[in-house]
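Encoded as structure tokens, the structure appears first; notes follow it.
Predicted model only: the values in this text are computed from it and were never measured. For ligands, and for the atoms within them, numbers begin at 1 and follow the listed sequence.
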Amino acid sequence: MSKKIVIVGGVAGGASAAARLRRLNEENQIVMFDRGEYISFANCGLPYYIGDVIQDRQKLLVQTVEGMHQRFQLDIRNLTEVTKINRAEKTVSVKNVKTGETYDESYDVLVLSPGAKPIRPNIPGIEEAEDIFTLRNIPDTDKIRSYVDDKAPKHATVIGGGFIGIEMAENLRERGVEVTLVEMADQVMTPLDREMVSPVHEHMRLHGVDLQLSDGVDSFSEKGKRVHLKSGRVIETDMVVLSIGVVPESSIATEAGLETGIRGAIRVNEKMLTSDPNIYAIGDAVEVLDYVFQEPTVVPLAWPANRQGRLVADIINGRDVKYNGTMGTGIAKVFDMTVASTGWNEKRLKAAGKEFEAVHVHPGSHAGYYPGSTPVSLKLLFHPTTGEIYGAQGVGMNGVDKRIDVIATAMKGGLTVLDLPDLELSYAPPFSSAKDPVNMIGYVASNVVLGDNEVVHWDEIEGLVKGGATLLDVRDESEHELGKIPGSINVPVNSLRDNLDNYSKDETIYVTCQVGLRGYLAARILRQNGFKVKNLSGGYKTWSQVKRDFDAIEEGTKTAADETAATATKEAPQAMMNEPVGEPIFLDTCGLQCPGPILEVNKKVAELGEGETLRVLASDPGFFADIEAWAKKTGNKLVSKQFVNGRVEAILQKGNGPAAVPAGAPAADGASMVVFSGDLDRALASFIIAQGAAAMGKEVTMFFTFWGLNVIRKPDAPEVKKQGLEKMFGMMMPSHAGELPLSNMNFAGVGQKMMKKVMSDKNVPSLDEMIKSAQEAGVKMVACTMSMDVMGIKEEELIDGIDLGGVAAYLGAAEGGNLNLFI
Ligand SMILES: Cc1cc2nc3c(=O)[nH]c(=O)nc-3n(C[C@H](O)[C@H](O)[C@H](O)COP(=O)(O)OP(=O)(O)OC[C@H]3O[C@@H](n4cnc5c(N)ncnc54)[C@H](O)[C@@H]3O)c2cc1C
């Protein structure tokens with residue numbers, strides 16, 4: 001027997017249900033009401049039409065009333081509002097919004113998909129305010145777009161930093177409008193945890209969005225042209241977009257006595273059935289079960305609405321299916337960045353008192369040696385002993401979407417973190433790495449679950465160090481110089497084993513590195529030597545991105561306070577040495593990994609005249625932070641830095657030397673190094689440090705002695721006469737840098753070849769290139785005449801540009817410096 005099915009709402013959930021109902025049954029009568037003119041339009045595309053990214057308005061209209069009627073034989077009544085549900089009579093009362101005509105329509109089965117409406121709070125002055133917009137549908141979009149087109153506003157205030165607020169901020173910036181985004185919480189995008197959202201804040205600021213966090217609107221005045229914030233700040237604006245969230249559009253359901261739950265959402269069971277056996281409800285208007293912990297929740301997103309639309313049609317047609325719950329998997333584009341998450345975040349787990357652990361990784365979106373790789377910052381939340389996955393978050397320029405989607409799939413499949421390393425994911429260099437970031441975070445989390453590694457977090461570490469804990473930073477010295485956690489002690493991982501006697505086994509040692517990997521290696525060394533150790537999850541990178549964000553917020557608060565007090569109206573100019581001279585010189589460092597871009601900049605800036613500018617492009621996102629530290633330390637001016645198509649573009653102006661170093665920064669000083677070893681890896685390390693130190697403005701002297709002399713021998717040295725032991729030494733030793741063995745795992749030269757291959761694959765310069773660039777960077781190289789004599793090495797065998805000297809030369813350099821190393 002055929003049924004009469006009435007649907008309220010003709011967009012995501014309603015239209016999906018209607019189409020599926022027809023596909024399953026040709027006989028049923030299907031009536032779909034929508035009070036709007038348009039059905040099945042692309043809500044999610046609306047902000048991009050305002051930003052003119054989507055230029056053709058027609059493209060937003062996925063289906064038309066006529067088109068859908070023809071294909072599915074639906075009785076579609078748009079511009080018709082359902083005003084009442086008469087459950088006893090099994091009818092709905094409707095009103096034609098154009099003509100005012102009213103009538104009742106009967107149903108056998110009713111499906112409610114009325115969606116959610118933007119919250120419009122009762123803020124003083126809102127009623128008198130003009131040009132205050134919300135965004136839900138096509139007419140809202142038309143209003144905002146024509147306002148931007150016709151009135152060319154200079155400034156917009158977006159209130160609320162959720163998905164829609166962020167998308168509006170971005171699209172208004174696309175239209176050249178200045179944007180202030182006001183958000184009550186201390187962060188935008190609340191599905192993300194604080195440390196994960198920091199790069200998003202930074203990126204938004206970079207794109208000119210004035211972020212006003214931890215602040216709310218107190219009132220509007222001057223017809224909405226002045227926005228008064230709770231902090232006291234007053235924003236002069238031309239338009240306001242209210243995007244502080246949505247509430248379920250459930251009034252007709254409530255008035256009909258249907259059971260409701262959180263935020264007044266319509267309560268349904270797993271068959272999407274309401275408390276009335278003839279009424280189903282789907283989409284943004286319903287309360288669902290959270291997939292992870294099976295608790296009631298409300299998730300206004302398009303996937304649940306579409307999924308439920310199809311399922312409800314199946315259920316009405318007698319199929320034994322059910323809705324399994326919502327994980328809240330979501331994604332947003334924030335200018336050049338992708339931000340995505342699934343499941344529960346740390347804030348929610350903590351608030352609910354759940355036991356959990358979290359890990360962070362920052363691998364490349366694809367193989368580092370293939371152009372265009374950018375880091376993907378991932379966070380995984382899981383049960384510390386069972387490994388059950390509770391949620392994940394991802395931020396980066398590329399490849400974030402697929403990693404979060406893979407983890408969301410793993411969660412739906414009931415996999416644990418121990419299964420993630422075993423996911424066989426597609427790999428070729430342009431797309432991923434043989435260990436995909438999802439595999440990597442699986443390994444890291446598995447190490448925690450299996451007890452091989454313990455982690456400490458970004459928000460705990462400073463307190464621990466202040467309380468007297470030891471924090472070892474196992475990065476190279478040059479990396480530590482560029483930025484460090486206060487109180488950390490620099491012990492590069494390769495020299496950790498030689499320093500174990502310096503630490504106590506009675507207390508927990510904390511370790512950190514750039515992203516957590518070398519920290520993990522250090523943790524394993526320490527642990528196997530009987531130490532208690534915890535590794536900083538996500539390393540210095542995770543910690544420093546929050547630190548930068550907090551610093552920016554503090555700086556912004558100061559500026560806002562100044563504005564409010566109407567003092568110091570103009571921002572103090574940065575220490576400008578002089579007027580820029582000529583057009584900027586261009587330097588492309590794309591493809592080089594840290595510290596390559598900094599070294600190149602250092603070299604190039606040295607060639608510039610005072611006041612000249614340099615425009616640098618780098619694909620290594622770490623350059624974004626490094627360049628600022630470098631400029632500060634070397635007394636050059638960072639004029640601007642921004643992401644352009646996922647790359648960092650920095651403009652620098654050559655300073656006037658040490659006098660321009662900011663007060664408090666260490667003056668350019670010396671570094672000296674005794675290179676005693678003739679091992680390839682040790683030689684490489686010495687040149688990396690030397691170049692890093694030179695890049696930081698130090699005067700560097702490398703003193704080559706004994707086996708270290710082989711590092712600076714020429715490959716094409718002329719024949720020189722040697723006698724006796726000199727001759728024997730000559731035969732036993734490598735004849736030039738290209739023949740140096742590895743200190744470990746040399747395996748008769750195989751290890752050395754492997755190292756060279758990996759270096760070349762990863763764009764790390766060869767030792768020869770490093771020697772050359774160190775010389776170009778002004779590193780002074782001295783060969784020890786005494787050991788030349790002992791080893792029978794002649795001056796003609798050494799590469800060009802080497803000074804000869806004795807121990808006095810070394811001691812002179814060492815005394816003038818505050819960094820002396822023996823390698
Ligand atoms: C600007 C914007 C961007 C978005 N971007 C994304 C995104 O990128 N990703 C994502 O997952 N989600 C996004 N969403 C959310 C997504 O659009 C919703 O989750 C989804 O549309 C919900 O589907 P629904 O059927 O429940 O409600 P809707 O699609 O909103 O449809 C409800 C319809 O019911 C009509 N209606 C309500 N009451 C009545 C009544 N009494 N009588 C007749 N008709 C009625 C309304 O007019 C409306 O047309 C976005 C939403 C907006 C507004």
Side-chain angles (χ1 to χ4, degrees), residues 6-18 31-51 54 60 62 65 76-85 92-97 105 110-118 133-141 144 160 162-168 170-171 191 241-243 245-256 265-266 268 272 281-286 288 298-310 312 326-334 338-342 401:
V6 169
I7 302 171
V8 183
V11 190
S16 297
V31 184
M32 187 166 83
F33 289 107
D34 201 296
R35 66 171 164 230
E37 184 180 349
Y38 305 97
I39 55 150
S40 195
F41 60 85
N43 329 46
C44 311
L46 303 180
Y48 300 98
Y49 174 63
I50 294 168
I54 298 170
L60 298 172
V62 182
V65 172
I76 301 173
R77 302 186 205 170
N78 59 335
L79 294 168
T80 310
E81 179 166 10
V82 173
T83 53
K84 199 168 172 224
I85 305 168
V92 287
S93 301
V94 299
K95 179 179 165 193
N96 184 312
V97 294
E105 188 73 40
L110 181 64
V111 177
L112 303 176
S113 188
K117 60 180 176 206
F133 303 92
T134 53
L135 179 60
R136 180 181 182 185
N137 49 34
I138 300 272
D140 294 342
T141 311
I144 303 176
F163 285 76
I164 296 177
I166 300 258
E167 287 174 359
M168 280 310 300
E170 173 179 339
N171 281 287
V241 178
L242 265 181
S243 50
V246 293
V247 280
E249 175 102 64
S250 55
S251 52
I252 53 167
T254 324
E255 284 158 16
I266 307 167
V268 291
M272 306 315 294
I282 57 175
D284 286 0
V286 302
V288 289
V298 176
V299 184
L301 285 175
W303 181 86
N306 279 273
R307 177 76 185 131
Q308 293 160 9
R310 183 180 166 107
V312 82
T326 305
M327 289 197 312
T329 309
I331 190 161
K333 171 180 173 299
V334 186
T338 311
V339 181
S341 68
T342 187
D401 47 353

Under 3.5 Å: donor-acceptor pair, side chain of [X], backbone of [Y]:
| X | Y | answer |
| --- | --- | --- |
| Thr83 | Ser93 | yes |
| Asp140 | Asn137 | yes |
| Asp284 | Gly115 | no |
| Arg307 | Thr326 | no |
| Ser113 | Gly14 | yes |
| Thr329 | Met327 | no |

Closest approach of [X] and [Y], non-hydrogen atoms and distance?
| X | Y | answer |
| --- | --- | --- |
| Ile252 | Val82 | CG2-O, 3.6 Å |
| Gly10 | Ala15 | O-CB, 3.7 Å |
| Phe163 | Ile331 | CE2-O, 3.4 Å |
| Val299 | Pro304 | O-CG, 4.2 Å |

**Request:** Show the numbers, then the answer: is there a salt bridge (Lys or Arg N to Asp or Glu O under 4.0 Å) between Glu167 and Lys333?
**Result:** CA-CA 7 Å; Glu167 287 174 359; Lys333 171 180 173 299; over 6 Å; no

**Request:** Decide whether the shortest distance between a heavy atom of Val94 and an atom of ligand 1 is less than 4.0 Å.
**Result:**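 No; Val94 lies far enough from ligand 1 that no heavy-atom distance drops under 4.0 Å.
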
Give the residue and atom name of whichever protein heavy atom lies nearest to [atom], and the separation in Å to one decimal.
| atom | answer |
| --- | --- |
| atom 9 (N) of ligand 1 | Cys44 SG, 3.8 Å |
| atom 27 (O) of ligand 1 | Gly115 CA, 3.2 Å |
| atom 49 (O) of ligand 1 | Asp34 OD2, 2.8 Å |
| atom 43 (C) of ligand 1 | Arg35 N, 3.3 Å |
| atom 1 (C) of ligand 1 | Asn43 O, 3.5 Å |
| atom 37 (C) of ligand 1 | Pro114 O, 3.2 Å |
| atom 18 (C) of ligand 1 | Asp284 OD2, 3.3 Å |
| atom 28 (P) of ligand 1 | Val11 CB, 4.0 Å |

Does [X] reach ligand 1 with a nitrogen or oxygen that is under 3.5 Å from one of the ligand's nitrogen or oxygen atoms?
| X | answer |
| --- | --- |
| Glu81 | no |
| Val82 | yes |
| Gly10 | no |
| Leu301 | yes |
| Ala302 | yes |

**Asked** With the threshold set at 4.0 Å, does a side-chain nitrogen-carboxylate oxygen contact exist between Lys84 and Glu255?
**Response**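 Salt bridge absent between Lys84 and Glu255.
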
Proximal atoms of ligand 1 relative to [X] (non-hydrogen, under 4.0 Å):
| X | value |
| --- | --- |
| Gly9 | 33 (C), 34 (O), 35 (C) |
| Thr80 | 43 (C) |
| Leu135 | 1 (C), 53 (C) |
| Ala305 | 22 (C), 23 (O) |
| Arg136 | 30 (O), 46 (C), 53 (C) |
| Gly13 | 23 (O), 24 (P), 25 (O) |
| Gly283 | 26 (O) |

**Message:** Which residue is it: Val11, Val312, Asn306? I am looking for the one with a side chain to side chain contact (heavy atoms under 4.5 Å, CB included) to Ser16.
**Reply:**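 Option passing the side chain to side chain contact (heavy atoms under 4.5 Å, CB included) with Ser16: Asn306.
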
